[in-house]
2 protein chains.
Amino acid sequence: MPEYCPITYSMKVLGSKWKIPIIFKLMIEDGQHYNHLKRMIGDNITNFMLTKSLRELEADGLIIRHDDHQVPPSVTYHLTPLGKDLAMTMNQLFDWGQELYSNKEKNSSNSIDHLKQQ
Amino acid sequence: MPEYCPITYSMKVLGSKWKIPIIFKLMIEDGQHYNHLKRMIGDNITNFMLTKSLRELEADGLIIRHDDHQVPPSVTYHLTPLGKDLAMTMNQLFDWGQELYSNKEKNSSNSIDHLKQQ
DNA sequence: CGGCATCCGCATGGATACTG
DNA sequence: CAGTATCCATGCGGATGCCG
């Protein structure tokens with residue numbers, strides 16, 4: 001059964017744990033090498049998950065894997081136009097995330113204020 | 001350890017399976033009753049998951065639960081301003097999802113074309 | 001350098017039955 | 001009508017080790 005809602009479909013493609021960080025890093029600097037990407041993400045991603053995520057992003061047409069066929073291996077990853085089109089949406093999600101966060105902070109401090117008044 | 005990236009934070013809040021459909025339905029028609037919402041989503045969501053999702057969305061400040069304290073029970077769910085602020089982002093994700101989908105279709109038909117040429 | 005193979009724990013989500 | 005309470009399956013993601 002196909003996925004009819006484009007939003008749900010987008011969430012499926014972007015929703016796994018490391019996809020957004022990867023795309024975000026490639027937006028900052030396109031054409032990064034595997035290990036450079038890994039270091040930028042923070043080194044807490046395993047090789048397995050990084051490779052898996054990159055292959056899926058490639059299959060979904062968001063990035064392109066460029067292999068120089070050298071020894072030692074040299075592979076770079078680039079955003080496709082489709083991948084780059086995510087920039088605007090990312091910015092909006094970023095802004096909304098900050099709003100969400102400050103909203104939560106506000107609620108927390110309200111609870112603290114409530115305690116202080118006792 | 002807090003979540004420092006607002007985008008990743010947003011994805012955590014919106015990422016579970018039924019959150020987006022729920023918000024989307026409330027955008028179409030705000031103030032829906034529990035069972036009406038359930039029917040609109042398609043009846044394949046269980047009571048357990050719907051309740052769980054609604055409670056989490058409420059805790060995150062995206063929706064408000066309004067209980068009329070009647071017998072029989074009458075409960076409606078409304079989007080908060082924060083929830084409504086998602087509309088623009090949703091629209092962009094919708095457009096991008098369609099782009100993503102047509103991109104995939106194109107690749108599929110290319111494969112078919114390739115086969116046809118043999 | 002840029003991966004892949006394997007095993008495994010745990011969280012997410014589903015099925016079913018029951019209730020104020 | 002609007003939920004709860006349990007139990008259970010699956011799959012995502014992590015840990016570790018090996019490879020061309």
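A, B, ... follow the sequence lines: proteins, then strands. Residue 1 opens every chain.
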Trainee: If I take atom NE2 in residue B:H66 and atom P in nucleotide D:dA2, what distance separates them, rounded to the nearest angstrom?
Mentor: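 B:H66 atom NE2 is separated from D:dA2 atom P by 12 Å.
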Trainee: What's the CG-P distance between A:L37 and C:dG3, to the nearest Å?
Mentor: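 My rounded result for the distance is 10 Å.
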Trainee: Would you call B:K25 and B:E29 a salt bridge, using N to O less than 4.0 angstrom?
Mentor: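 No, B:K25 and B:E29 are not salt-bridged.
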Trainee: Under 4.5 Å between side-chain heavy atoms, counting indirect links through other Ile/Leu/Val/Met/Phe/Trp/Tyr residues: same cluster for A:L82 and A:I28 or not?
Mentor: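 Same hydrophobic cluster.
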Trainee: Kindly point out which of D:dC1, D:dG14, C:dG2 is positioned nearest to the side chain of A:K17?
Mentor: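 Shortest atom-to-atom distance from the side chain points to D:dG14.
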Trainee: Report yes if a side-chain nitrogen or oxygen of B:H33 is closer than 4.0 Å to either non-bridging phosphate oxygen (OP1 or OP2) of D:dC1; otherwise report no.
Mentor: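 It does not, given that no N or O in the side chain of B:H33 lies less than 4.0 Å from OP1 or OP2 of D:dC1.
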Trainee: Could you check whether the rings of B:F94 and B:F24 sit parallel, tilted or perpendicular, using 30° and 60° as the cut-offs?
Mentor: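 Plane angle under 30°, so parallel.
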Trainee: Of the candidate nucleotides D:dG20, D:dG13, D:dT4, which contains the atom at the shortest distance from the side chain of B:R55?
Mentor: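 Output: D:dT4.
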Trainee: Over how many whole Å does the gap from B:N47 atom CG to D:dT6 atom C1' extend?
Mentor: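 Rounding to the nearest Å, CG of B:N47 and C1' of D:dT6 are 14 Å apart.
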Trainee: Would you mind reading off the distance between B:I45 atom CD1 and C:dA15 atom C1', rounded to a whole angstrom?
Mentor: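 The answer, rounded to whole Å, is 14 Å.
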Trainee: Which heavy atom of A:I20 sits nearest to which heavy atom of A:L14, and what is that distance?
Mentor: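 Here A:I20 and A:L14 meet closest at CG1-O, 3.7 Å.
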Trainee: Counting just side-chain N and O atoms, does B:R39 come under 4.0 Å of either OP1 or OP2 of D:dA2?
Mentor: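 B:R39 to D:dA2 OP1/OP2: no side-chain N or O under 4.0 Å.
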Trainee: Mapping B:T51 and A:S16 onto DNA chain D by nearest heavy atom, which one lands closer to the 5' end?
Mentor: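 It is B:T51, whose closest nucleotide lies nearer the 5' terminus.
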Trainee: Is it the case that one hydrophobic cluster holds both B:M90 and A:M88, taking links as side-chain heavy atoms less than 4.5 Å apart, direct or via other members?
Mentor: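 No.
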Trainee: Can you check the B:K38 NZ to D:dC1 C1' distance for me, whole Å?
Mentor: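 That distance rounds to 11 Å.
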Trainee: Just the rounded figure in Å: distance from P of D:dG3 to NE2 of B:H69.
Mentor: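 Value for this atom pair: 11 Å.
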Trainee: Is any side-chain N or O of B:Y34 closer than 4.0 Å to OP1 or OP2 of D:dT4?
Mentor: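 Negative; the distance criterion is not met.
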Trainee: Separation of A:I22 atom CD1 from D:dG13 atom C1', in whole Å?
Mentor: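 In whole Å, D:dG13 C1' lies 13 Å from A:I22 CD1.
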Trainee: Whole-Å distance between D:dC12 P and A:F48 CZ?
Mentor: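 Those two atoms, CZ and P, are 10 Å apart.
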